Visitor: 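One structure coming up, written as structure tokens, with questions to follow.
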Amino acid sequence: DVRQKAHKEAKLVADAEAVAAKISAVTAKVSVKVGEKSVTVTDGELSVETSYKNFLTGNGTKNSVAGGSENQIINAMFADAVPPVPQVVEIKDAAEFSAFLADAAKTGDSGCTAKLTADIDLAGITLPVPSSTASFAATFDGQGHSIKNWTNNGEYLFGQLSGTVKNLVIDKSCVITLKANGNPAMLVSTNLGLIDGVINNADITMSDETSDTRHTGGLVAINRTTVQNCVNNGKTTITAPKNAAKQIRYGSIVGSNAESSSVPVVKNCVNNGDIEIIQKAEANTGAKYIGGVIGAQDSNNESVVDGCVNKGKVSFTAEVEGSKAVYLGGIIGLLKGGNVKNCSNTGEIANIAAGENITAGGLVGNCIADGKKVDPVVSLTEGCAVNCKVSGPAEGSGLVLGSKSKTKGCQLGSEASPVKVAGSVNGVEANADNAAALAVGTSFVPDEINWIKVVFNGTAPATDPDIPGVGYNDPGLTL
């Protein structure tokens, strides 16, 4: 009615005057005059008249003014004058959370900061499906609050991320079922932003449906930027897909730490949950790269995995023979490049399969790198340690590294910082004299630029082991 219209117009005028005052406070370059029906923005000799709405929201018109739209010209005027004020959204219940995600699915909510002010109970709530095209560009801060009673039916919580998700807890009451195709994960499909301080307490399952899965993560399917300070406490059970031509890359935190124009980083992340992969009666020849923290790290020589810990058991069991390329690692299943440092594993690694290229490593299942970029292209140095039980084929089982393929640049430890090892391989307990031999599988073929430097739980042997090229007291010994 007339009164409502008048009230709305009065509010627009008041808001416009408030913004005009802020502009005057920060710059003398641009002047703003709020008229009875419009706003005039002047910058030197250039003057633009626009509506209250366009002035306040930045939703410019198509009308041409001096060669550009009102919106373009006004934005250019304000570029060095008024920084955008980020919107802060406080979310206190399931309805507000669902509404926020629905809006984000449409727009990405760029520039918005959303904060949970309470735990969110999603019992009986179906959340909106994230956009397949719009990246989530907002900052979402859980502030330590929990998502409870969420039944995940294979959809991501946020989809693709270019913003930030932090300080969020997934409660053990949630039921997480990863879909058996695409690149499934609980939170994010591809991370192009920052994931910081997310804790998962829920168990995770994935079924044996025919699948084209490649990258599968507990929290993140593919990481191209930074994931840090995240923890998984839930158990993962995956019944391997029946599709014989496809592969699985699974880590409780990240499926694939992928090549990127930026430097992919996974830092200070911990897995406490068991990971069990089961190959049912129908054989699957697709590769499986399974790590306690990361499934596979691609060949970006700058990639960093730093300060990560695995305490959960990582196991693969096949009910039939014929498995191929099954790599299990306490931290990473397949390592193709980059640096792994300050990482440790105390979880059991058990690869119970009959087939080709079956490996189990206390830290890394297998290294595959060509050495064309930087030698060594793959390194496990600076404070790595392992104390665990490893079981699998002798040629592919080691306390540090299961095996390596096509690798001309795999460095284990350094003179200054050898890898500390303890535990057993196929029932043989490590000691000061056999630690170097048990560090890698028997198929680890020496070449001119591979070298290894390990100590048994920090203790050197009484005498150097009788293994060509392996030592404790001489720097840079090459295999």
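All values derive from a computational prediction rather than experimental measurement.
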Visitor: For the residue pair L127 and L122, establish whether any side-chain heavy-atom pair is separated by less than 4.5 Å.
Guide: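 Counting from C-beta outward, L127 and L122 do come under 4.5 Å.
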Visitor: For the residue pair Q228 and V266, establish whether any side-chain heavy-atom pair is separated by less than 4.5 Å.
Guide: no
Visitor: Grab the two heavy atoms, one from I349 and one from G362, that are nearest each other, plus how far apart they are.
Guide: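 So the minimum-distance heavy-atom pair works out to CG1-CA, 4.2 Å.
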Visitor: Apply the side chain to side chain contact (heavy atoms under 4.5 Å, CB included) test between K311 and each candidate in T346, D274, N271, N345; give the one that qualifies.
Guide: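 That would be T346; it is the only one of T346, D274, N271, N345 passing the side chain to side chain contact (heavy atoms under 4.5 Å, CB included) with K311.
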Visitor: Test side-chain hydrogen bond (donor to acceptor under 3.5 Å, both in side chains) on N201 and D171; report intermediate values, then the result.
Guide: CA-CA 5 Å; N201 295 320; D171 188 70; 5.3 Å; no
Visitor: Quick one: does V340's side chain get under 4.5 Å of L335's, heavy atoms only?
Guide: yes
Visitor: Rounded to the nearest 0.5 Å, what's the gap from SG on C308 to CG on N268? Could you check?
Guide: 7.0 Å
Visitor: Can you check side chain to side chain contact (heavy atoms under 4.5 Å, CB included) on N351 and V326, steps first, answer last?
Guide: CA-CA 8 Å; N351 201 340; V326 181; 3.7 Å; yes
Visitor: Search all heavy atoms of I195 against all heavy atoms of L161 and return the closest pair with its distance.
Guide: CG1-CD2, 3.6 Å
Visitor: Rounded to the nearest 0.5 Å, what separates atom CD1 in I238 from atom OG1 in T216?
Guide: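 Answer rounded to 0.5 Å: 6.0 Å.
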Visitor: Return the minimal non-hydrogen interatomic distance between V293 and V309, and the atom names on each side.
Guide: CG2-O, 3.7 Å
Visitor: So among N167, T164, N229, which one has a side chain to side chain donor-acceptor pair (under 3.5 Å) with D196?
Guide: N229
Visitor: Applying side chain to side chain contact (heavy atoms under 4.5 Å, CB included), run through V227 and I253 and close with a yes or a no.
Guide: CA-CA 8 Å; V227 177; I253 305 297; 3.9 Å; yes
Visitor: Please check if the side chain of S252 supplies one atom and the backbone of G292 the other of a donor-acceptor pair under 3.5 Å.
Guide: yes
Visitor: Could you walk me through whether T177 and N152 pass side-chain hydrogen bond (donor to acceptor under 3.5 Å, both in side chains), step by step?
Guide: CA-CA 6 Å; T177 304; N152 168 287; 5.7 Å; no
Visitor: Holding to salt bridge (charged side-chain N to carboxylate O under 4.0 Å, His left out), I want the full list of residues that pass it with K92, two or more places apart in sequence or in another chain.
Guide: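 For K92 the salt bridge (charged side-chain N to carboxylate O under 4.0 Å, His left out) partners, ignoring immediate neighbours, are E96.
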Visitor: Please enumerate all residues that pass ring-ring contact (aromatic ring centres under 6.0 Å, His included) together with Y289, with sequence neighbours excluded.
Guide: Y327
Visitor: Say you draw a straight line from CD of Q297 to NZ of K336; how long is it, rounded to the nearest 0.5 Å?
Guide: 11.0 Å
Visitor: Keeping Q143 on the side-chain end and L116 on the backbone end, is there a donor-acceptor pair under 3.5 Å?
Guide: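 At least one qualifying donor-acceptor pair exists.
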Visitor: Hey, are the side chains of V421 and V400 touching, using non-hydrogen atoms and a 4.5 Å cut-off?
Guide: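 Yes, at least one pair of side-chain atoms sits under 4.5 Å.
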Visitor: In chain order, what residues pass the ring-ring contact (aromatic ring centres under 6.0 Å, His included) check against F316, with sequence neighbours excluded?
Guide: none
Visitor: Check the pair V188, L219 against side chain to side chain contact (heavy atoms under 4.5 Å, CB included), reporting the backbone distance first and the verdict last.
Guide: CA-CA 7 Å; V188 171; L219 297 181; over 6 Å; no
Visitor: Within the 4.5 Å heavy-atom criterion, are K313 and I275 side-chain neighbours or not?
Guide: no
Visitor: Can you list every pair that meets salt bridge (Lys or Arg N to Asp or Glu O under 4.0 Å) and has a residue in residues 139-158, with sequence neighbours left out?
Guide: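 Non-adjacent pairs meeting salt bridge (Lys or Arg N to Asp or Glu O under 4.0 Å): D119-K148.
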Visitor: What I want to check is whether the side chains of N257 and S303 have a donor and an acceptor closer together than 3.5 Å.
Guide: no
Visitor: Side chain of N200, backbone of V231: donor and acceptor closer than 3.5 Å?
Guide: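 No, N200 side chain to V231 backbone: no donor-acceptor pair under 3.5 Å.
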Visitor: Which atom pair, heavy atoms only, marks the closest approach of L363 to C384?
Guide: CD1-CB, 3.8 Å
Visitor: Between E348 and V314, is the side chain to side chain contact (heavy atoms under 4.5 Å, CB included) condition met? List the steps.
Guide: CA-CA 6 Å; E348 180 181 353; V314 181; over 6 Å; no
Visitor: Tell me if a side-chain donor or acceptor on T359 pairs with a main-chain N or O of G365 at a distance below 3.5 Å.
Guide: yes
Visitor: Could you pull out the closest heavy-atom pair between G307 and C343, with the gap in Å?
Guide: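 Shortest heavy-atom contact: N-SG, 3.9 Å.
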Visitor: Roughly how far, to the nearest 0.5 Å, is OH of Y156 from CG of L178?
Guide: 9.0 Å
Visitor: Keeping to residues at least two apart or across chains, list the salt bridge (Lys or Arg N to Asp or Glu O under 4.0 Å) pairs with something in residues 219-228.
Guide: none
Visitor: Do S98 and P128 have side-chain heavy atoms sitting under 4.5 Å apart?
Guide: yes
Visitor: Drop me the distance from T239's OG1 to Q279's CD, to the nearest 0.5 angstrom.
Guide: 9.0 Å
Visitor: A side-chain contact here means heavy atoms from C-beta on lying under 4.5 Å apart; do V265 and T225 qualify?
Guide: no
Visitor: Where is the tightest heavy-atom contact between N149 and S173, given as atom of each residue plus distance?
Guide: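 Smallest interatomic distance, heavy atoms only, reads N-OG, 2.9 Å.
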Visitor: Under the side chain to side chain donor-acceptor pair (under 3.5 Å) rule, collect the residues that match up with S424, sequence neighbours excluded.
Guide: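 Side chain to side chain donor-acceptor pair (under 3.5 Å) list for S424, sorted by chain: empty.
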Visitor: Checking S146 side chain against I170 main chain: does a donor-acceptor pair fall under 3.5 Å?
Guide: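 Side chain of S146 to backbone of I170, a donor-acceptor pair under 3.5 Å: no, none is there.
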Visitor: Within the 4.5 Å heavy-atom criterion, are L101 and F140 side-chain neighbours or not?
Guide: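 No - every pair of side-chain heavy atoms lies 4.5 Å or more apart.
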Visitor: Rounded to the nearest 0.5 Å, what's the gap from CD1 on I176 to CG on D203? Could you check?
Guide: 9.5 Å
